[in-house]
Amino acid sequence: MAGRLSSCLRQEAVNSRGGSGIGASKLLNSPLGPFGGSKITVYSAKGKNARLHVRRECGQLRTTNVTRAEVPLSADVVDRFCSGCSDWGPKVRPTTGLGIFLAALGGAGLLHQLQAYAGPDEDVYWTQDEVHAAAELLRSERDPAYEDDDERWEARKEAEELQDRVLSRWRHAAGSLHRAQAVIAHFPWLRDWARPRLSAKEGYLESLWAQAALFVEPAGLVVAAAAAELRTPSLPADDPVFAVLGDSSRISLGLSRLWRRWQYTAENGWEGPASRAFRRYDLVEGIRSNKKGRAEALEGAGRLIQSWEGEARAVAAATDPTPTAWVTARLPEDTEEPSRGDTRDALGGLDRWTLGVVVTWTVTADWSRRTLTLKVPTLVAERLLASSSVLSCERGADAVPAEAVSEAHPGFLRPGVFDDTPVFDRQPVTLAHLRALRDHSSYAADQLYIVFSTSGGAEVLALQAIEKRVEQGWLGVIFAGASDLSDSLISPWIKEVAPASEADEGLHLGHDSAGQDDSFGVDLGLAGGTQAAVRWAYGERAKEQTLRLLAMARGVSDLRSLDTGRRSGVLSVAVWEGLLTRGPLDLTPFRAPGTDRWRRGSGLPLGVLGPVQIYATNSDPAFEGKGHSPLCRHTRDRGLAQSDDLLRVSDLLARDDWDWCSNCGGYSARRLTDTQLSYYRAAHQLLDIAGQLDDDRAYRAPVVPEALCKQLEELADWEPGGHENVSWDGRWRWREVVSGLRSRAERKRLHTAP
């Protein structure tokens, strides 16, 4: 990443000494801007002139007497890096401002882009004459008389391959210029330094643009726009020439498919009618070539296509082909992170027709803002302005002046926005800061952040949620991301967490095990959630990231706020498993006593369990469909959504008309705190004791009243503890139930005494 910073800038210094007289120190310092002087950690052997190393494990640090120091990043410091560490660059946290800046420079960032597509290289082996010849050949209509001429077919194939190479290189050159200008937009102090290289890239892009434009036929683009506007014509399903297709319904289906495929091909290119004549074969697809009537149907399909071509040309001819309409187009934003080894392409999401329009009629391009100004024919403008366009377009030229750039502008990234300064010095985050974080940090999209604002106080939000708030005028600062959590807390937690065995994965909710099984209900608590999260995480890195996110999410008051618009958003299934129970709670001890000994409860108060959150996809019995847990396999994506319902455990006992899924129980509960879990277990122990005292079945193990009395004595003084400091308003009813059970156990003891 940052290794390119030292190596490329040092080479830049060497290249500039002869002509400009600018020294290496100035070139090494000037791109750092406000990040010059940022503290970095280095290691070295003892000695005033010893080489600096960014890693303690560096192979060139051949001594056991190592000095660790915090030094300000500067030209002199970078110049003292050893050759190995120079390739790595300073070791900084990737989510700090300096880390984002170095990531924007290194790797496939600015330093690489300034060298890429600045002129022809060994991969570009075509000449201007070859481009002209290939373009002329492709502009000429295909002659059916020469379809079997291998030499002509080969020449046309080579011309098409050259067209693809030229258009591809132009597109990638434009994307490279966009990435370079986008970095400079975030870090304006690089503008003057990068201007010579940017000028070279812009000049080379212009030459490629001119070559690409030779392959695009403007009249064909207008015809394509006309074809896109055509409505489905009346199809001759009763024409006997198509009888080979079958009955009238098959003929109608075949002709409708032929129309759709022709229109799709016609509206997505700029080539002439001959390039679409092959579509006639779609009508007889699946019919053997020697079947009687196939040739006639093929000829009929050709006549239909010719009529549609003529209609499209007539519509195009009825409009003024002169470019008179001004349109401002904005290229689509990247919606997903690029895959490993890939880079964002500013023009990658455009279809062939739109790409041809951009090549032909773009007047000005602001690649840093992904904005193009086009002057196009009226028919083309109407298609660009339609809702189905892949570009976001507005009528008229973009007359908004470019914003003046300065290092003091609040939108430009500098120290103090992220976690590279004390909290007291943090600056409000802007959309530009968040864009820089998303564009240049691979850790951005899958993080939660602790933020602070005067309107909401301290909160935990996903990056997308922060962006939405900032768009609405929210003013706040970022304290830390999940990767910034203290390692002194996370590392011991990671080491002590061991995934539960397969035998321990089931829920221990049976009454028979509540009194004897020490693991009863454990998987409903926070520790059980941690084990569940680790069980779903694959690999040590995923395990650490999952636990960091889990630690952050546990402090969120409403887990639905973590939804980012899709269930498979920031949080993985592993994190959701750590936050929510896999099944419902057994609330039998808290139900009213009854005559059915299999279902009757103990009438215990819910107490600390009453406010426990319950999440369900549908909790309204009047609404069609059963309620499901957000983790149920019947839900399309696993995890919470903002549209899910939030209840409390107290709501579950207030009604009995719930329509829950039999597979998942209908809902998931938020993981129980230690106090809540302790009370849940104690309540089930009382229920279990009551069951033993009530059940006189001969095949049951004999009841030991002394043991029951001892358990009841321990349960009698149960009090809520832990950090929740919840008031215990159910003490009277709890002690009443315990007292009643102790009396019954004492009577049984006296009754069974010898």
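Given the structure is predicted, the values throughout are model-derived calculations rather than measurements.
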- Is the charged tip of Arg383 near the ring of Trp353: under 6.0 Å from the six-membered ring centre and within 45° of its axis? yes
- Query: Does a side-chain N-to-carboxylate-O contact under 4.0 Å join Arg535 and Glu577?
  - Reply: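 No, no charged N to carboxylate O under 4.0 Å.
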Side chains of [X] and [Y]: is there a donor and an acceptor less than 3.5 Å apart?
X	Y	result
Asp320	Thr322	yes
Arg279	Tyr264	no
Gln113	Ser176	yes
Asp351	Thr354	yes
Asp366	Thr364	no

- Query: Relative to each other, are the rings of His186 and His440 parallel, tilted or perpendicular (30° and 60° limits)?
  - Reply: perpendicular
- Parallel under 30°, tilted from 30 to 60°, perpendicular over 60°: which one fits the rings of Trp367 and Trp209?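 It falls in the tilted class, 30° to 60°.
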- From Glu471 CD over to Arg469 CZ, what is the distance, rounded to the nearest 0.5 angstrom? 13.0 Å
Test your reading of the model: is there a side-chain donor-acceptor pair from [X] to the backbone of [Y], 3.5 Å cut-off?
X	Y	answer
Thr362	Val359	no
Arg276	Thr265	no
Thr328	Gly396	yes

- Message: Check this for me: Arg261, atom CZ, are more than 12 non-hydrogen atoms of other residues, nucleotides or ligands nearer than 6.0 Å?
- Response: yes
- Quick one: does Tyr204's side chain get under 4.5 Å of Pro120's, heavy atoms only? yes
